[in-house]
Visitor: 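Have a look at this one before I ask anything.
The residues of the chain are indexed from 1 along the displayed sequence.
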Amino acid sequence: MLFLFFILQYTLCSNIAAYWGQNAGSNQQSLGHYCSTSPAEIIILSFLNNFPQLELNFANQCSQTYGDGLLHCSQIAQDIKSCQSQGKIILLSLGGATGNYGFSSDQQASSFATTLWNKFGGGSDNERPFDDAIVDGFDFDIENKQQTGYVTLANQLKNYFSKSSKKFYLSAAPQCPYPDESVGDLMSQVDLDFAFIQFYNNYCSIDKQFNWDTWNQYANNKNIKLYLGIAGSSSSAGSGYVDLSSVQNAISSISKDSSFGGVSIWDISSIPNNFINGIQQALQGGGNVAPTLSTSSIIGPISSIPIVHSSIPSNSVIYSPIASAIPTTTTTSSSTGGFLNWLGGLFNTPTTTSNNYAPAITSSSNNWIQSVGTPQIVTQAPSIPTTTAVASPPQPSSSSSQFNWFGLFGGATSTSQIAPTTPTPTPQIAAVEVTTYITLTTTVSPPAYFKRDNIIDSSEATSFHPGYLLIMTFITFIFIL
């Protein structure tokens, strides 16, 4: 079932394919590193650069050899299996811009298919460069304009593939001028799975006479996925390197074509993380377009604090620092008994304030706003009771009181609010449709408190108030009556 899931994933999704092995970025890490840290789903090992007399080259990643000089790459072998266990497709690329390769006849190419199968595929051989690891297929990055034998080689490989229960793939890496002078015959006569088209170093690059439509027409009625081939950095190509925004715009213009398979990169060691992650976002439909947010009413001096409301499916939740960034402390004391209120004001009773905070939003779906953390949308919340509110750290409140002579004749109400001095948060989308109103009347700069204590202003608790004389006079008057 897991295997079928991977196949379905690559059939339906837009992918990132990346070449690895030639250290274009000058600091190439192991194959396993990129499988674990990058969003690339297809990684092409480059290169088997000499054939039919075998020679491999992976720059700084393999130095051990068999007795005859053929590379023996045990670490790459382990990485291949690790990558495959993560659902990655690992292809071995034949050719490259330099190298001594090619066939003199179809017969020589057919014989070489057996060599490939036994040394890298499902066959057996005394010298397997990747030990018992089996690659998922082969890529034809032929660039010497010699096309003899490749149709025969591909068809013979497909014959071996058909006898295995494992899924194998064949791909080509043509230049963008159509038809390609090195793999044109192969692409027209053999059903390939992928084409990693090099839209750089040519007149038909993304920033020049971009000819995707020509390739899309070629793919019509073919079961092949076309990849937008880009250079990972300006140093990875002689010309045709474009920035992330240009790549995203290109993706947006072609992504709805049925032949579109994703983006291929030369090479993975040269592309910055933010670049490849931006490509992934564009492939997922996100691109660099920010969502439209509406701002709710904010009354008070701190009008720069954005509170937004929007709709998100009820099974989604957003983690946001917004609850901790905008704690609102409101203390309201009131009484309907004028006499008791008058006594409280008479003695200037210290106001006791329990810190109240803007509560987290809860619903029957256990959606909430967490007080801290990097914003990200997830599809399922932890099991938090719907009656539990996650609040921000406590903040001291301000308090005020006055001698209220006229409280005897009516109720009195005092209110104070606190707007702490916190950095302006980035607008976040709440997990449910909600509009938040904040009323700010007093701005203070309290120190940070991280425990739920009542805050009592005790500076006046020991002070003598003239009210004592008045109340004693009043009590004496009552006794006399």
Visitor: Could you list the residues that satisfy side-chain contact (heavy atoms from CB on, under 4.5 Å) with Tyr241, not counting sequence neighbours?
Guide: Ala231, Ser234, Phe275
Visitor: Who pairs with Tyr200 by ring-ring contact (aromatic ring centres under 6.0 Å, His included), at least two apart in sequence or on another chain?
Guide: none
Visitor: Test of understanding: with side chain to side chain donor-acceptor pair (under 3.5 Å), list the residues that count as partners of Glu55, not counting sequence neighbours.
Guide: Asn50
Visitor: Can you name the residues that form a side-chain contact (heavy atoms from CB on, under 4.5 Å) with Ser264, not counting sequence neighbours?
Guide: Ala17, Phe196, Tyr227
Visitor: Ser36: which residues meet the side-chain contact (heavy atoms from CB on, under 4.5 Å) condition with it, sequence neighbours left out?
Guide: Gln86
Visitor: For residues 104-117, which residue pairs qualify under salt bridge (Lys or Arg N to Asp or Glu O under 4.0 Å), counting only residues two or more places apart or in two chains?
Guide: none
Visitor: Looking only at side chains, do Thr152 and Ser110 share a donor and an acceptor under 3.5 Å apart?
Guide: no
Visitor: So, Tyr101 side chain and Gly96 main chain: donor-acceptor pair closer than 3.5 Å or not?
Guide: yes
Visitor: Under 4.0 Å between a Lys/Arg side-chain N and an Asp/Glu carboxylate O for Asp136 and Lys166?
Guide: yes
Visitor: For Asn202, which residues count as a side-chain contact (heavy atoms from CB on, under 4.5 Å) partner, sequence neighbours excluded?
Guide: Gln175, Cys176, Pro177, Cys204, Ser205
Visitor: Is it true that Phe103 and Tyr150 have ring centroids separated by less than 6.0 Å?
Guide: yes
Visitor: Enumerate the residue pairs fulfilling disulfide (SG to SG under 2.5 Å) with a member in residues 72-133, sequence neighbours excluded, ordered by first and then second residue.
Guide: Cys35-Cys83, Cys62-Cys73
Visitor: Could you list the residues that satisfy side chain to side chain donor-acceptor pair (under 3.5 Å) with Asp243, not counting sequence neighbours?
Guide: Ser246
Visitor: Would you tell me whether Ser111 and Thr114 have side-chain atoms, one donor and one acceptor, within less than 3.5 Å of each other?
Guide: no
Visitor: List for me each residue that meets salt bridge (Lys or Arg N to Asp or Glu O under 4.0 Å) alongside Asp125, sequence neighbours excluded, and say none if there are none.
Guide: Lys119
Visitor: Please give me the minimum heavy-atom distance between Leu186 and Gln147, naming the atom from each residue.
Guide: N-OE1, 4.3 Å
Visitor: Could you check whether Asp257 and Ser259, counting side-chain N and O atoms only, form a donor-acceptor pair closer than 3.5 Å?
Guide: no
Visitor: Looking at residues at least two apart in the chain, or sitting in another chain, which of them share a side chain to side chain donor-acceptor pair (under 3.5 Å) with Gln75?
Guide: Asp79
Visitor: What pairs meet the side-chain hydrogen bond (donor to acceptor under 3.5 Å, both in side chains) rule with one or both residues in residues 176-186, with sequence neighbours excluded?
Guide: Lys145-Glu181
Visitor: Under the criterion side chain to side chain contact (heavy atoms under 4.5 Å, CB included), which of Leu157, Leu45, Leu48, Leu91 is the partner of Phe138?
Guide: Leu157
Visitor: Report yes or no: is the cationic atom of Lys167 (NZ for Lys, CZ for Arg) closer than 6.0 Å to the six-membered ring centre of Tyr169, at no more than 45° off its axis?
Guide: yes
